[in-house]
Amino acid sequence: MSSLLPFDSVLCLLLRLSLTLWFTLLLVFIIVPAIFGVSFGIRRLYMKTLLRIFTWATLRIERGIKEKSHTLYKPLSNGIIAKESTSLEEGIWELRSNGRSLDRPEFELSDIFYFCRQGMESIMDDEVTQRFSAEELETWNLLTRTNYNFQHISVRLTVLWGLGMLVRYTFLLPLRVALAITGVSLLVIGTTVVGLLPNGRFKEFLSKHVHLMCYRICVRALTAIITYHGSENRPRNGGICVANHTSPIDVIILASDGYYAMVGQVHGGLMGVIQRAMVKSCPHVWFERSEVKDRHLVAKRLTDHVQDKSKLPILIFPEGTCINNTSVMMFKKGSFEIGATVYPVAIKYDPRFGDAFWNSSKNGMVTYLLRMMTSWAIVCSVWYLPPMTRQENEDAVQFANRVKSAIAHQGGLVDLLWDGGLKREKVKDAYKEEQQKVYSRIIAGSQENRSRS
(Lines give C-alpha, C1' and ligand atoms only; values in the text may rest on other atoms or scores of the structure.)
Protein backbone atom coordinates (compact mmCIF):
# COMPACT_ATOMS: atom_id res chain seq x y z
CA MET A 1 0.00 0.00 0.00
CA SER A 2 2.79 2.38 0.89
CA SER A 3 4.51 1.64 -2.43
CA LEU A 4 1.60 3.30 -4.28
CA LEU A 5 1.95 6.58 -2.47
CA PRO A 6 4.95 7.91 -4.45
CA PHE A 7 3.13 7.13 -7.71
CA ASP A 8 -0.02 8.89 -6.49
CA SER A 9 2.06 11.89 -5.41
CA VAL A 10 3.75 12.10 -8.82
CA LEU A 11 0.37 11.81 -10.57
CA CYS A 12 -1.14 14.59 -8.44
CA LEU A 13 1.92 16.75 -9.02
CA LEU A 14 1.70 16.29 -12.80
CA LEU A 15 -2.01 17.07 -12.69
CA ARG A 16 -1.40 20.26 -10.69
CA LEU A 17 1.39 21.31 -13.06
CA SER A 18 -0.83 20.66 -16.09
CA LEU A 19 -3.69 22.70 -14.63
CA THR A 20 -1.32 25.50 -13.63
CA LEU A 21 0.23 25.58 -17.09
CA TRP A 22 -3.22 25.51 -18.73
CA PHE A 23 -4.52 28.35 -16.57
CA THR A 24 -1.35 30.40 -17.11
CA LEU A 25 -1.58 30.07 -20.89
CA LEU A 26 -5.29 30.92 -20.73
CA LEU A 27 -4.58 33.99 -18.61
CA VAL A 28 -1.56 35.27 -20.57
CA PHE A 29 -2.68 34.64 -24.14
CA ILE A 30 -6.46 35.07 -23.93
CA ILE A 31 -7.92 36.72 -20.82
CA VAL A 32 -5.32 39.48 -20.32
CA PRO A 33 -5.29 40.47 -24.04
CA ALA A 34 -9.11 40.51 -23.90
CA ILE A 35 -9.04 42.93 -20.97
CA PHE A 36 -6.80 45.39 -22.82
CA GLY A 37 -8.25 44.75 -26.29
CA VAL A 38 -4.96 43.61 -27.86
CA SER A 39 -4.07 40.64 -30.05
CA PHE A 40 -0.82 38.75 -30.59
CA GLY A 41 -1.78 37.83 -34.17
CA ILE A 42 -2.03 34.11 -33.36
CA ARG A 43 -5.60 33.82 -34.65
CA ARG A 44 -4.77 35.46 -37.99
CA LEU A 45 -1.78 33.14 -38.46
CA TYR A 46 -4.12 30.25 -37.64
CA MET A 47 -6.59 31.55 -40.27
CA LYS A 48 -3.94 31.76 -43.01
CA THR A 49 -2.74 28.24 -42.22
CA LEU A 50 -6.30 26.91 -42.47
CA LEU A 51 -6.80 28.60 -45.85
CA ARG A 52 -3.77 26.82 -47.27
CA ILE A 53 -5.03 23.47 -45.98
CA PHE A 54 -8.54 24.09 -47.35
CA THR A 55 -7.17 25.01 -50.78
CA TRP A 56 -5.06 21.85 -50.92
CA ALA A 57 -7.98 19.64 -49.79
CA THR A 58 -10.33 21.17 -52.38
CA LEU A 59 -7.85 20.69 -55.22
CA ARG A 60 -7.30 17.10 -54.12
CA ILE A 61 -11.07 16.42 -54.11
CA GLU A 62 -11.55 17.96 -57.56
CA ARG A 63 -8.66 15.97 -59.01
CA GLY A 64 -9.94 12.74 -57.47
CA ILE A 65 -13.46 13.27 -58.80
CA LYS A 66 -12.20 14.03 -62.31
CA GLU A 67 -10.01 10.90 -62.24
CA LYS A 68 -13.09 8.82 -61.39
CA SER A 69 -15.19 10.65 -64.04
CA HIS A 70 -17.75 11.74 -61.47
CA THR A 71 -19.80 14.93 -61.64
CA LEU A 72 -18.35 17.81 -59.62
CA TYR A 73 -20.94 19.85 -57.74
CA LYS A 74 -19.80 23.47 -57.51
CA PRO A 75 -22.13 26.26 -56.33
CA LEU A 76 -21.88 29.94 -57.12
CA SER A 77 -19.55 32.05 -55.00
CA ASN A 78 -22.38 33.49 -52.92
CA GLY A 79 -24.22 30.20 -52.54
CA ILE A 80 -27.34 31.62 -54.22
CA ILE A 81 -28.44 31.57 -57.84
CA ALA A 82 -29.47 35.18 -58.23
CA LYS A 83 -31.80 36.35 -60.95
CA GLU A 84 -32.57 39.87 -62.01
CA SER A 85 -35.77 41.04 -60.40
CA THR A 86 -38.49 42.71 -62.44
CA SER A 87 -41.58 44.53 -61.30
CA LEU A 88 -45.11 43.58 -62.29
CA GLU A 89 -45.36 46.54 -64.66
CA GLU A 90 -42.08 45.65 -66.39
CA GLY A 91 -43.17 42.04 -66.83
CA ILE A 92 -46.52 43.03 -68.33
CA TRP A 93 -44.99 45.60 -70.71
CA GLU A 94 -42.42 43.01 -71.81
CA LEU A 95 -45.17 40.57 -72.79
CA ARG A 96 -47.05 43.30 -74.66
CA SER A 97 -44.01 44.54 -76.59
CA ASN A 98 -44.64 42.41 -79.67
CA GLY A 99 -45.39 45.21 -82.09
CA ARG A 100 -48.68 46.32 -80.59
CA SER A 101 -49.28 49.50 -78.65
CA LEU A 102 -47.87 49.38 -75.13
CA ASP A 103 -50.34 51.85 -73.71
CA ARG A 104 -53.51 49.86 -74.32
CA PRO A 105 -55.39 49.95 -71.03
CA GLU A 106 -57.66 46.92 -71.46
CA PHE A 107 -56.97 43.38 -70.32
CA GLU A 108 -54.99 41.16 -72.69
CA LEU A 109 -54.89 37.37 -72.60
CA SER A 110 -51.09 37.39 -72.72
CA ASP A 111 -51.04 39.01 -69.26
CA ILE A 112 -51.94 35.62 -67.81
CA PHE A 113 -48.58 34.21 -68.80
CA TYR A 114 -46.75 36.67 -66.53
CA PHE A 115 -48.59 35.40 -63.44
CA CYS A 116 -48.14 31.77 -64.51
CA ARG A 117 -44.40 32.31 -64.94
CA GLN A 118 -44.09 34.02 -61.54
CA GLY A 119 -45.95 31.13 -59.89
CA MET A 120 -43.70 28.53 -61.50
CA GLU A 121 -40.55 30.46 -60.51
CA SER A 122 -41.76 30.73 -56.93
CA ILE A 123 -42.28 26.97 -56.73
CA MET A 124 -38.98 26.00 -58.38
CA ASP A 125 -36.71 28.74 -57.00
CA ASP A 126 -38.32 30.40 -53.99
CA GLU A 127 -36.52 33.67 -53.29
CA VAL A 128 -37.42 33.57 -49.58
CA THR A 129 -36.89 30.04 -48.28
CA GLN A 130 -33.47 29.66 -49.91
CA ARG A 131 -32.30 32.46 -47.60
CA PHE A 132 -32.90 30.16 -44.62
CA SER A 133 -30.58 27.32 -45.59
CA ALA A 134 -26.84 27.09 -45.04
CA GLU A 135 -24.67 29.01 -47.49
CA GLU A 136 -22.86 26.64 -49.86
CA LEU A 137 -19.09 26.75 -50.31
CA GLU A 138 -16.72 26.71 -53.24
CA THR A 139 -13.93 25.13 -51.16
CA TRP A 140 -13.99 22.29 -48.65
CA ASN A 141 -13.22 23.28 -45.08
CA LEU A 142 -12.72 19.71 -43.77
CA LEU A 143 -16.27 19.65 -42.35
CA THR A 144 -18.51 16.97 -43.86
CA ARG A 145 -21.58 19.07 -43.07
CA THR A 146 -20.54 21.72 -45.61
CA ASN A 147 -19.49 19.65 -48.62
CA TYR A 148 -21.58 17.63 -51.08
CA ASN A 149 -18.53 16.09 -52.76
CA PHE A 150 -17.08 14.47 -49.63
CA GLN A 151 -16.07 10.87 -50.25
CA HIS A 152 -12.96 8.73 -49.91
CA ILE A 153 -10.42 10.21 -52.32
CA SER A 154 -7.11 9.27 -50.76
CA VAL A 155 -5.62 8.06 -47.50
CA ARG A 156 -3.84 11.38 -46.91
CA LEU A 157 -7.04 13.37 -47.27
CA THR A 158 -8.96 11.02 -44.97
CA VAL A 159 -6.19 11.16 -42.35
CA LEU A 160 -6.18 14.96 -42.56
CA TRP A 161 -9.94 15.05 -42.03
CA GLY A 162 -9.61 12.68 -39.05
CA LEU A 163 -6.87 14.81 -37.48
CA GLY A 164 -9.00 17.90 -37.99
CA MET A 165 -11.95 16.32 -36.22
CA LEU A 166 -9.66 15.22 -33.38
CA VAL A 167 -8.30 18.79 -32.97
CA ARG A 168 -11.74 20.37 -33.08
CA TYR A 169 -13.41 18.04 -30.55
CA THR A 170 -10.56 17.23 -28.15
CA PHE A 171 -8.68 20.55 -28.06
CA LEU A 172 -10.73 23.45 -29.46
CA LEU A 173 -14.09 22.42 -27.97
CA PRO A 174 -12.92 22.10 -24.32
CA LEU A 175 -10.90 25.31 -24.63
CA ARG A 176 -13.86 27.21 -26.07
CA VAL A 177 -16.30 25.87 -23.49
CA ALA A 178 -13.91 26.95 -20.71
CA LEU A 179 -13.59 30.42 -22.23
CA ALA A 180 -17.36 30.76 -22.71
CA ILE A 181 -18.02 29.80 -19.08
CA THR A 182 -15.31 32.24 -17.97
CA GLY A 183 -16.73 35.09 -20.06
CA VAL A 184 -20.35 34.57 -18.98
CA SER A 185 -19.40 34.10 -15.31
CA LEU A 186 -17.32 37.28 -15.28
CA LEU A 187 -20.16 39.15 -17.00
CA VAL A 188 -22.69 38.12 -14.36
CA ILE A 189 -20.36 38.72 -11.41
CA GLY A 190 -18.83 41.92 -12.79
CA THR A 191 -22.12 43.63 -13.72
CA THR A 192 -23.67 42.61 -10.39
CA VAL A 193 -20.79 44.16 -8.44
CA VAL A 194 -20.77 47.31 -10.60
CA GLY A 195 -24.52 47.61 -10.11
CA LEU A 196 -23.96 48.08 -6.36
CA LEU A 197 -22.01 51.30 -6.96
CA PRO A 198 -23.74 54.71 -6.94
CA ASN A 199 -24.58 56.20 -10.35
CA GLY A 200 -21.84 58.33 -11.80
CA ARG A 201 -18.95 58.44 -14.22
CA PHE A 202 -16.92 55.89 -12.30
CA LYS A 203 -19.76 53.34 -12.44
CA GLU A 204 -20.25 54.00 -16.15
CA PHE A 205 -16.51 53.61 -16.77
CA LEU A 206 -16.36 50.28 -14.92
CA SER A 207 -19.54 49.01 -16.56
CA LYS A 208 -18.22 49.76 -20.05
CA HIS A 209 -14.93 47.96 -19.49
CA VAL A 210 -16.53 44.98 -17.74
CA HIS A 211 -18.88 44.53 -20.71
CA LEU A 212 -16.08 44.92 -23.27
CA MET A 213 -13.77 42.53 -21.40
CA CYS A 214 -16.40 39.79 -21.07
CA TYR A 215 -17.60 40.06 -24.66
CA ARG A 216 -14.01 39.90 -25.91
CA ILE A 217 -13.46 36.72 -23.92
CA CYS A 218 -16.64 35.27 -25.47
CA VAL A 219 -15.36 36.28 -28.92
CA ARG A 220 -12.18 34.32 -28.24
CA ALA A 221 -14.35 31.38 -27.18
CA LEU A 222 -15.43 31.19 -30.83
CA THR A 223 -11.92 31.89 -32.18
CA ALA A 224 -13.56 34.86 -33.87
CA ILE A 225 -11.36 36.89 -36.22
CA ILE A 226 -13.10 40.21 -36.84
CA THR A 227 -12.06 43.07 -39.09
CA TYR A 228 -13.72 46.40 -38.30
CA HIS A 229 -13.97 49.13 -40.95
CA GLY A 230 -14.96 52.79 -40.57
CA SER A 231 -14.42 53.04 -36.83
CA GLU A 232 -15.00 56.80 -37.01
CA ASN A 233 -18.68 56.00 -37.67
CA ARG A 234 -19.19 53.97 -34.51
CA PRO A 235 -22.68 54.53 -32.99
CA ARG A 236 -22.89 57.31 -30.45
CA ASN A 237 -25.10 58.04 -27.47
CA GLY A 238 -28.71 58.91 -28.26
CA GLY A 239 -28.71 56.96 -31.54
CA ILE A 240 -29.85 53.61 -32.82
CA CYS A 241 -27.45 51.03 -34.25
CA VAL A 242 -29.15 48.80 -36.85
CA ALA A 243 -27.46 45.81 -38.48
CA ASN A 244 -28.29 42.84 -40.66
CA HIS A 245 -28.89 39.64 -38.69
CA THR A 246 -27.25 36.27 -39.39
CA SER A 247 -26.68 34.78 -35.96
CA PRO A 248 -27.21 35.33 -32.22
CA ILE A 249 -23.45 35.93 -32.01
CA ASP A 250 -23.96 39.18 -33.98
CA VAL A 251 -24.50 40.77 -30.57
CA ILE A 252 -21.13 39.54 -29.28
CA ILE A 253 -19.37 40.59 -32.49
CA LEU A 254 -20.59 44.19 -32.17
CA ALA A 255 -20.48 44.46 -28.37
CA SER A 256 -16.81 43.43 -28.30
CA ASP A 257 -15.99 46.70 -30.12
CA GLY A 258 -18.63 49.04 -28.71
CA TYR A 259 -20.81 49.73 -25.68
CA TYR A 260 -24.53 49.31 -26.40
CA ALA A 261 -27.89 49.20 -24.67
CA MET A 262 -29.56 45.92 -25.65
CA VAL A 263 -33.24 45.57 -26.49
CA GLY A 264 -35.12 42.33 -26.00
CA GLN A 265 -37.67 40.23 -24.22
CA VAL A 266 -37.21 39.12 -20.63
CA HIS A 267 -36.22 35.44 -20.44
CA GLY A 268 -36.01 32.86 -17.71
CA GLY A 269 -33.23 30.44 -16.83
CA LEU A 270 -29.58 31.31 -17.45
CA MET A 271 -30.47 34.05 -19.93
CA GLY A 272 -32.70 35.67 -17.32
CA VAL A 273 -29.87 35.63 -14.76
CA ILE A 274 -27.57 37.35 -17.28
CA GLN A 275 -30.24 39.95 -18.17
CA ARG A 276 -30.94 40.83 -14.55
CA ALA A 277 -27.24 41.21 -13.83
CA MET A 278 -26.58 43.35 -16.92
CA VAL A 279 -29.42 45.78 -16.30
CA LYS A 280 -28.03 46.60 -12.84
CA SER A 281 -24.97 48.28 -14.34
CA CYS A 282 -26.29 49.50 -17.71
CA PRO A 283 -29.68 50.85 -18.87
CA HIS A 284 -30.69 48.00 -21.17
CA VAL A 285 -34.28 47.93 -22.43
CA TRP A 286 -35.99 44.65 -21.52
CA PHE A 287 -39.67 43.99 -22.21
CA GLU A 288 -41.99 41.55 -20.50
CA ARG A 289 -43.63 38.95 -22.74
CA SER A 290 -46.98 40.75 -22.47
CA GLU A 291 -45.40 44.08 -23.54
CA VAL A 292 -43.63 42.92 -26.69
CA LYS A 293 -46.76 42.99 -28.89
CA ASP A 294 -47.75 46.47 -27.69
CA ARG A 295 -46.15 48.56 -30.46
CA HIS A 296 -47.02 51.87 -28.83
CA LEU A 297 -45.44 50.88 -25.52
CA VAL A 298 -42.30 49.61 -27.25
CA ALA A 299 -42.03 52.78 -29.34
CA LYS A 300 -42.45 54.96 -26.23
CA ARG A 301 -39.74 53.10 -24.29
CA LEU A 302 -37.32 53.40 -27.21
CA THR A 303 -38.17 57.07 -27.78
CA ASP A 304 -37.61 57.91 -24.11
CA HIS A 305 -34.23 56.18 -24.27
CA VAL A 306 -32.88 57.90 -27.41
CA GLN A 307 -34.10 61.34 -26.32
CA ASP A 308 -31.68 61.16 -23.41
CA LYS A 309 -28.37 61.91 -25.15
CA SER A 310 -26.43 60.61 -22.18
CA LYS A 311 -27.72 57.07 -22.69
CA LEU A 312 -26.00 54.44 -24.79
CA PRO A 313 -26.94 53.75 -28.41
CA ILE A 314 -29.57 51.04 -28.80
CA LEU A 315 -28.58 47.91 -30.72
CA ILE A 316 -31.40 46.57 -32.93
CA PHE A 317 -31.66 43.95 -35.68
CA PRO A 318 -34.73 45.17 -37.60
CA GLU A 319 -35.07 42.05 -39.79
CA GLY A 320 -36.45 40.27 -36.73
CA THR A 321 -34.97 36.91 -37.78
CA CYS A 322 -31.67 35.38 -38.90
CA ILE A 323 -30.84 35.36 -42.65
CA ASN A 324 -28.17 33.09 -44.15
CA ASN A 325 -25.38 35.61 -44.80
CA THR A 326 -26.30 36.09 -48.47
CA SER A 327 -29.09 38.67 -48.27
CA VAL A 328 -30.79 41.43 -46.31
CA MET A 329 -34.56 41.16 -45.97
CA MET A 330 -37.25 43.65 -45.03
CA PHE A 331 -36.55 45.90 -42.04
CA LYS A 332 -39.39 46.38 -39.56
CA LYS A 333 -40.29 50.06 -39.51
CA GLY A 334 -40.66 50.47 -35.72
CA SER A 335 -37.10 51.60 -35.00
CA PHE A 336 -37.25 54.09 -37.90
CA GLU A 337 -40.37 55.87 -36.64
CA ILE A 338 -38.95 57.41 -33.48
CA GLY A 339 -36.88 60.12 -35.18
CA ALA A 340 -33.44 59.16 -33.87
CA THR A 341 -30.16 59.16 -35.77
CA VAL A 342 -29.58 55.71 -37.25
CA TYR A 343 -26.09 54.19 -37.43
CA PRO A 344 -26.12 51.39 -40.05
CA VAL A 345 -23.74 48.46 -39.60
CA ALA A 346 -23.08 45.73 -42.17
CA ILE A 347 -21.88 42.30 -41.00
CA LYS A 348 -20.55 39.71 -43.45
CA TYR A 349 -19.23 36.31 -42.33
CA ASP A 350 -16.67 34.20 -44.19
CA PRO A 351 -18.36 30.76 -44.40
CA ARG A 352 -15.13 28.94 -45.27
CA PHE A 353 -14.20 28.63 -41.59
CA GLY A 354 -17.64 27.98 -40.13
CA ASP A 355 -21.28 28.66 -40.95
CA ALA A 356 -22.52 31.33 -38.52
CA PHE A 357 -26.13 31.20 -39.74
CA TRP A 358 -28.67 29.97 -37.16
CA ASN A 359 -31.68 28.21 -38.64
CA SER A 360 -33.89 28.34 -35.57
CA SER A 361 -36.53 26.20 -37.32
CA LYS A 362 -34.05 23.34 -37.68
CA ASN A 363 -31.53 23.61 -34.83
CA GLY A 364 -31.99 24.47 -31.17
CA MET A 365 -29.66 26.87 -29.40
CA VAL A 366 -27.59 24.10 -27.78
CA THR A 367 -27.09 22.32 -31.12
CA TYR A 368 -26.21 25.59 -32.79
CA LEU A 369 -23.63 26.52 -30.14
CA LEU A 370 -22.09 23.05 -30.41
CA ARG A 371 -21.72 23.53 -34.17
CA MET A 372 -20.14 26.94 -33.61
CA MET A 373 -17.67 25.65 -31.04
CA THR A 374 -16.65 22.71 -33.22
CA SER A 375 -16.11 24.87 -36.30
CA TRP A 376 -12.62 26.02 -37.19
CA ALA A 377 -13.25 29.70 -36.50
CA ILE A 378 -15.70 32.54 -36.99
CA VAL A 379 -14.29 35.07 -39.46
CA CYS A 380 -16.24 38.19 -40.35
CA SER A 381 -15.99 41.81 -41.47
CA VAL A 382 -17.94 44.67 -39.87
CA TRP A 383 -18.51 48.00 -41.61
CA TYR A 384 -19.66 51.06 -39.65
CA LEU A 385 -21.52 53.25 -42.16
CA PRO A 386 -22.04 57.02 -41.89
CA PRO A 387 -25.05 57.99 -39.73
CA MET A 388 -28.38 58.48 -41.49
CA THR A 389 -31.44 60.52 -40.60
CA ARG A 390 -34.97 60.56 -41.92
CA GLN A 391 -35.41 63.05 -44.75
CA GLU A 392 -38.30 65.40 -45.38
CA ASN A 393 -41.32 63.78 -47.05
CA GLU A 394 -39.84 60.34 -46.29
CA ASP A 395 -41.94 57.90 -44.28
CA ALA A 396 -40.58 55.24 -41.94
CA VAL A 397 -40.81 52.46 -44.55
CA GLN A 398 -38.85 54.44 -47.14
CA PHE A 399 -36.23 55.35 -44.54
CA ALA A 400 -35.90 51.72 -43.49
CA ASN A 401 -35.47 50.62 -47.11
CA ARG A 402 -32.80 53.28 -47.70
CA VAL A 403 -30.82 52.09 -44.67
CA LYS A 404 -31.26 48.46 -45.72
CA SER A 405 -29.98 49.19 -49.23
CA ALA A 406 -26.88 50.89 -47.83
CA ILE A 407 -26.13 47.88 -45.61
CA ALA A 408 -26.68 45.40 -48.45
CA HIS A 409 -24.45 47.36 -50.84
CA GLN A 410 -21.59 47.64 -48.35
CA GLY A 411 -21.75 44.01 -47.23
CA GLY A 412 -22.07 42.58 -50.75
CA LEU A 413 -25.50 41.15 -49.88
CA VAL A 414 -28.64 40.77 -51.99
CA ASP A 415 -31.24 43.45 -51.15
CA LEU A 416 -34.68 41.84 -50.85
CA LEU A 417 -38.05 43.42 -50.11
CA TRP A 418 -39.54 40.26 -48.61
CA ASP A 419 -40.37 39.93 -44.91
CA GLY A 420 -38.15 37.39 -43.15
CA GLY A 421 -41.18 36.31 -41.13
CA LEU A 422 -42.44 34.51 -44.24
CA LYS A 423 -40.34 31.50 -43.31
CA ARG A 424 -42.95 30.71 -40.64
CA GLU A 425 -46.03 32.55 -41.94
CA LYS A 426 -48.12 32.75 -45.08
CA VAL A 427 -47.84 35.74 -47.40
CA LYS A 428 -49.81 38.64 -45.97
CA ASP A 429 -52.97 39.69 -47.77
CA ALA A 430 -51.51 43.21 -48.03
CA TYR A 431 -48.81 41.93 -50.43
CA LYS A 432 -51.40 40.27 -52.64
CA GLU A 433 -53.64 43.34 -52.60
CA GLU A 434 -50.72 45.60 -53.53
CA GLN A 435 -50.00 43.53 -56.67
CA GLN A 436 -53.70 43.46 -57.52
CA LYS A 437 -53.89 47.25 -57.27
CA VAL A 438 -50.86 47.69 -59.53
CA TYR A 439 -52.37 45.44 -62.19
CA SER A 440 -55.75 47.20 -61.84
CA ARG A 441 -54.08 50.53 -62.55
CA ILE A 442 -52.45 49.06 -65.66
CA ILE A 443 -55.67 47.77 -67.21
CA ALA A 444 -57.60 50.84 -66.09
CA GLY A 445 -55.15 53.12 -67.84
CA SER A 446 -54.55 55.29 -64.78
CA GLN A 447 -50.81 54.76 -64.86
CA GLU A 448 -48.66 57.06 -66.94
CA ASN A 449 -47.48 55.69 -70.25
CA ARG A 450 -43.98 54.30 -70.24
CA SER A 451 -41.50 55.73 -72.64
CA ARG A 452 -39.93 53.20 -74.99
CA SER A 453 -36.28 52.71 -74.47
Next on the checklist: Under a plain distance cut-off of 3.5 Å, with no hydrogens placed, do Y259 and N237 share a side-chain donor-acceptor pair?
Outcome noted: no
Report, as yes or no, whether the 6.0 Å neighbourhood of atom [atom1] on [X] holds more than 12 heavy atoms from other residues, nucleotides or ligands.
X	atom1	value
H409	NE2	no
E204	CD	no
K309	NZ	yes

Which atom names give the shortest non-hydrogen contact between [X] and [Y], and what distance separates them?
X	Y	answer
C241	V345	SG-CG2, 3.5 Å
A243	F317	O-CD2, 3.5 Å
G411	A346	N-CB, 4.1 Å
L222	M372	CD2-CB, 4.0 Å

In Å, rounded to the nearest 0.5 Å, how long is the span from [atom1] of [X] to [atom2] of [Y]?
X	Y	atom1	atom2	value
T341	I240	OG1	CD1	9.0 Å
I407	F331	CD1	CZ	4.0 Å
S256	M213	OG	CE	13.5 Å
K348	L413	NZ	CG	5.0 Å
E337	K332	CD	NZ	13.0 Å
I347	I253	CD1	CD1	7.5 Å

Would you say that [X] contacts [Y] through its side chain, given a criterion of any heavy-atom pair below 4.5 Å between the two side chains?
X	Y	result
R220	R43	yes
R236	Y343	yes
V273	V188	yes
V397	F336	no
F357	T326	no
I314	V306	yes
L187	I217	no
V210	S281	no

Next on the checklist: Using side chain to side chain contact (heavy atoms under 4.5 Å, CB included), reason through M365 and W358 one step at a time and then give a plain yes or no.
Outcome noted: CA-CA 8 Å; M365 179 59 76; W358 180 37; 3.9 Å; yes
Would you be so kind as to tabulate the donor-acceptor pairs closer than 3.5 Å made by side chains of residues 379-388, with sequence neighbours excluded?
unit_1, atom_1, unit_2, atom_2, d
Y384, OH, D257, OD2, 2.6

Within the side chain of [X], is there an N or O that forms a donor-acceptor pair under 3.5 Å with the backbone of [Y]?
X	Y	result
R168	T374	yes
Q398	D395	yes
K404	E319	no
S327	M329	no

Checklist entry - How are the rings of H284 and H211 set relative to one another: parallel (under 30°), tilted (30 to 60°) or perpendicular (over 60°)? => result tilted
Checklist entry - For E394 and R402, what are the C-alpha separation, side-chain angles and deciding distance, and is it a side chain to side chain contact (heavy atoms under 4.5 Å, CB included)? => result CA-CA 10 Å; E394 184 179 45; R402 185 160 59 91; 2.9 Å; yes
Checklist outcome for this item: Tested for side-chain hydrogen bond (donor to acceptor under 3.5 Å, both in side chains) against Y349, the lone hit among D355, N325, D250 is D250
Checklist entry - L312 and C282: side chain to side chain contact (heavy atoms under 4.5 Å, CB included), yes or no, with the steps? => result CA-CA 9 Å; L312 300 175; C282 179; 3.3 Å; yes
Checklist entry - Got a sec, which pairs hit side-chain hydrogen bond (donor to acceptor under 3.5 Å, both in side chains) with one end in residues 189-200, sequence neighbours left out? => result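 Residue pairs with at least one partner in residues 189-200: N199-K203.
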What side-chain donor-acceptor pairs closer than 3.5 Å can you find for residues 172-181, not counting sequence neighbours?
unit_1, atom_1, unit_2, atom_2, d
R176, NE, T223, OG1, 3.0
R176, NH1, M373, O, 2.8
R176, NH1, S375, O, 2.5
R176, NH2, T223, OG1, 2.9
R176, NH2, S375, O, 3.2
R176, NH2, W376, O, 2.7

Item to check | Check against side chain to side chain contact (heavy atoms under 4.5 Å, CB included), I323 and N244 | outcome: CA-CA 8 Å; I323 314 297; N244 58 299; over 6 Å; no
